[in-house]
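Throughout, protein chains are lettered first and strands after them, A, B, ... in sequence-line order, and every chain is numbered starting at 1.
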2 protein chains.
Amino acid sequence: MNYQIELRHFIYFLAVAEELHYRKAAEKLFISQPGLSTQIKQMEEILGTQLFVRDKKKVSLTPAGEFLKKEVEFILNHLEQTKKQVKLIGDGQLGEVRIGFLGSAMQNVVPDLLLGLKEKFPTIHTTLEELSNRAQINAILADRLDLGFVRLSRVPKGLDVRPVFEDTFSLVLPEEHPLDKGNFRNIDQVANEDFILFSQDYSPMYYDTVLSICEDSGFVPHVSHKSVHAQTIFKLVENKLGIAIVPTTLQYGFQMKVKFIEMKNIKQRAVLSMVWKTDNRNPALQKGMDLLMEL
Amino acid sequence: MNYQIELRHFIYFLAVAEELHYRKAAEKLFISQPGLSTQIKQMEEILGTQLFVRDKKKVSLTPAGEFLKKEVEFILNHLEQTKKQVKLIGDGQLGEVRIGFLGSAMQNVVPDLLLGLKEKFPTIHTTLEELSNRAQINAILADRLDLGFVRLSRVPKGLDVRPVFEDTFSLVLPEEHPLDKGNFRNIDQVANEDFILFSQDYSPMYYDTVLSICEDSGFVPHVSHKSVHAQTIFKLVENKLGIAIVPTTLQYGFQMKVKFIEMKNIKQRAVLSMVWKTDNRNPALQKGMDLLMEL
DNA sequence: ATAATCAATAAGTATGAATTATCAAATAGA
DNA sequence: TCTATTTGATAATTCATACTTATTGATTAT
């Protein structure tokens, strides 16, 4: 006696409510009429209410049945929709990829990735957040981020890395500086100037790399200022407070009175890598990864 | 192989999604663990998607499972309500409206609404529950509640809001306090006292508003205690542990040795709003809304 | 190493949804 | 009135499958 309502009941009920005829409804459902009769009866028992009036050759809905019909239609539709959505999310066609990036990555790879994603998987949402290397690693480990773009040589266990872009370094000088593309030979020509660099804790790899560039030319740079924003660094150079060494692509996207001298002859490169958790379960991420692997 | 999803699956799924532990979930459901395992597996097969990740001693939800969990919660709640409504209609009633409210709303609008409903639609049942702002919003989204009375400036997408009552703020002081309606000019006269306020997470809007009242008079209040019950706040004031600022109508319905000074001259108002789901399907709610629109 | 704990698998049971066969009641046609 | 036909409800039976117990393999903790 103590049964539980099941979706089967709803489907049967709806058929009868539409046909208002047990035999026809049973036919439509590909079951026998007695089976349908008992199931509807059971349903009425569970709900404690009459749903149909059967008198003299006629089946009709009670007010309660009328109300239930509308609800069952809604519920079954909603369910169908939900099933579809679940499948889509499981297949990675729908969902969200949370991306973090260093400011300096905004010039190249990230915009391409976003455009490609939008085009190939328009139903995948993306959220973007500019974060430091360290903040990105922490966020990925805590599952607040799916994908990061960092400049790091090593990452904690459990994370995967893949280099996605190699950039040369460029010297950044005030426009009025005597050195230019024509007379520039080697970095030791500016060995005695003040240097403005990105902070160590913003990107230790960058900092070490810049130091090694100078070391290769036999001098230790005097670092007068440090910042975490390219904007700030360029502004300081513009005001002749020092010179800088930055990844070359950083020159695009700013309106500053500074000039860039690309140093192609040195071996160091600014490597941008993407990082993600090895066992990330977000299927939408896989799609993004597949896309990036092709780039 | 060609099974059909049933409500049983959803109930089982929800138990596992909540416990994230098959044996415990099975215990809660009063079935055996292997039975539960096979049912969940079958469910995943029907949906064509992995819902749980079982690896090394740990069960967790996939994104698809995460999504499904929210949907299942909604569906099961909605179903429960539908069953109730059907029964009520079958018994000759119009239905049920589930109302939530902040404690501070009990003094004015809610009682009027209830009385009006009872008079015009004596066959509509109402259930009342005192809940925080946040709890009300969650309950409405999950279809556990039809109508809420909250103090919020913004609500999530999919919900409608309508202000129903504007209240001034009053200062609450111990009876023996030197300040009274006669000599009170401005709130800065109590700038150096301790303040007892409703907790931020109970009603962020209230908290912000009270701070802005003080700010307008050029001081930052020292908040010594926070509570979620008006009763508690008044008790603390009575015992001279501080003073409070509350919506004026809160003064009715309590027997306390405190006095109220209404601050009509300040611009801030305590706004009580009603909230409901835009696509709520409860026909009884419509009736209640019509009534409230007239008030 | 040993024990403990987890979910998955295997085999058997039992619940209850289905079937077929039949009935009672009502209508329609002669 | 009689019969034929149609309706949904019962009764008896069959059959699918959700469930049980027993066990395994994998992993972790002591």
Handout entry: Contact residues, residues 12-31 of chain B to DNA chain C [heavy atom, < 4.0 Å]
Key =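 Per residue number, the list reads His21(B), Tyr22(B), Arg23(B).
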Just how far, in rounded Å, is [atom2] of [N] from [atom1] of [X]?
| X | N | atom1 | atom2 | answer |
| --- | --- | --- | --- | --- |
| Glu6(A) | dA18(C) | CD | C1' | 16 Å |
| Tyr3(B) | dA17(C) | OH | P | 16 Å |
| Leu36(B) | dA18(D) | CG | P | 13 Å |
| Ile5(A) | dA17(C) | CD1 | C1' | 15 Å |
| Glu44(B) | dA7(C) | CD | C1' | 12 Å |
| Arg54(B) | dT27(D) | CZ | C1' | 17 Å |
| Met43(A) | dA17(C) | CE | C1' | 16 Å |
| Ile40(A) | dA17(C) | CD1 | P | 13 Å |

Qualifying residues under side-chain hydrogen bond (donor to acceptor under 3.5 Å, both in side chains), relative to [X], sequence neighbours excluded:
| X | value |
| --- | --- |
| Asp146(A) | Arg98(A), Asn280(A), Asn282(A) |
| Glu73(B) | none |
| Arg281(A) | none |
| His21(A) | none |

Exercise for the section: For the helix from dA1(C)-dT30(D) to dA30(C)-dT1(D), measure the angle between the helix axis at one end and the axis at the other, each built from five pairs, rounding to 10°. Expected result: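 Inter-axis angle at the ends, rounded: 20°.
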Exercise for the section: Take Lys28(B) and Glu18(B), measure what salt bridge (Lys or Arg N to Asp or Glu O under 4.0 Å) needs, and give me the verdict at the end. Expected result: CA-CA 11 Å; Lys28(B) 209 168 81 170; Glu18(B) 278 167 359; 3.2 Å; yes
Problem - Out of dA18(D), dA17(C), dG8(D), whichever nucleotide has its closest atom nearest the side chain of Gln39(B) - result: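 Ranking dA18(D), dA17(C), dG8(D) by closest atom to the Gln39(B) side chain puts dA18(D) first.
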Practice task
Determine yes or no for a side-chain-to-main-chain donor-acceptor pair under 3.5 angstrom, with Gln81(B) supplying the side chain and Asp143(B) the backbone.
Solution key: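 Here the side-chain-to-backbone pair does not exist.
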Practice task
Identify, with sequence neighbours excluded, every residue that meets side chain to side chain contact (heavy atoms under 4.5 Å, CB included) alongside Gln50(A).
Solution key: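 Testing Gln50(A) for side chain to side chain contact (heavy atoms under 4.5 Å, CB included), a comparison that skips the adjacent residues, returns Glu44(A), Arg54(A), Thr62(A).
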Exercise for the section: Compute the ring centroids of Phe74(A) and His78(B), then answer whether they are less than 6.0 Å apart. Expected result: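 Aromatic pair counts; centres sit under 6.0 Å.
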side-chain N/O [X] vs [N] OP1/OP2, d < 4.0 Å:
| X | N | result |
| --- | --- | --- |
| Ser32(B) | dC19(D) | no |
| Ser37(B) | dA8(C) | yes |
| Lys41(B) | dA7(C) | no |

Exercise for the section: Pick base, sugar-phosphate or nothing for Gln42(A), based on heavy-atom distances below 4.0 Å to the nucleic acid. Expected result: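 It contacts sugar-phosphate atoms only.
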Handout entry: Pairs involving residues 120-138 of chain A, ordered by first then second residue, that meet salt bridge (charged side-chain N to carboxylate O under 4.0 Å, His left out) (sequence neighbours left out)
Key =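 Of all non-adjacent pairs touching residues 120-138 of chain A, none passes salt bridge (charged side-chain N to carboxylate O under 4.0 Å, His left out).
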Using the 3.5 Å cut-off, write out each protein N or O paired with an N or O of nucleotides 22-25 of chain D and the distance between them.
none

Exercise for the section: For Phe101(A), check ring-ring contact (aromatic ring centres under 6.0 Å, His included) against everything at least two apart and list the hits. Expected result: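 Not a single residue meets the ring-ring contact (aromatic ring centres under 6.0 Å, His included) criterion with Phe101(A).
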Handout entry: Set of ring-ring contact (aromatic ring centres under 6.0 Å, His included) partners for Phe13(A), sequence neighbours left out
Key =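 Result, ring-ring contact (aromatic ring centres under 6.0 Å, His included) vs Phe13(A): Phe52(A).
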Exercise for the section: Output every pair passing side-chain hydrogen bond (donor to acceptor under 3.5 Å, both in side chains) with a member in residues 88-97 of chain A, not counting sequence neighbours, ordered by first then second residue. Expected result: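 Counting only pairs at least two positions apart or across chains, the side-chain hydrogen bond (donor to acceptor under 3.5 Å, both in side chains) contacts touching residues 88-97 of chain A are Lys87(A)-Asp91(A), Gln93(A)-Lys287(A).
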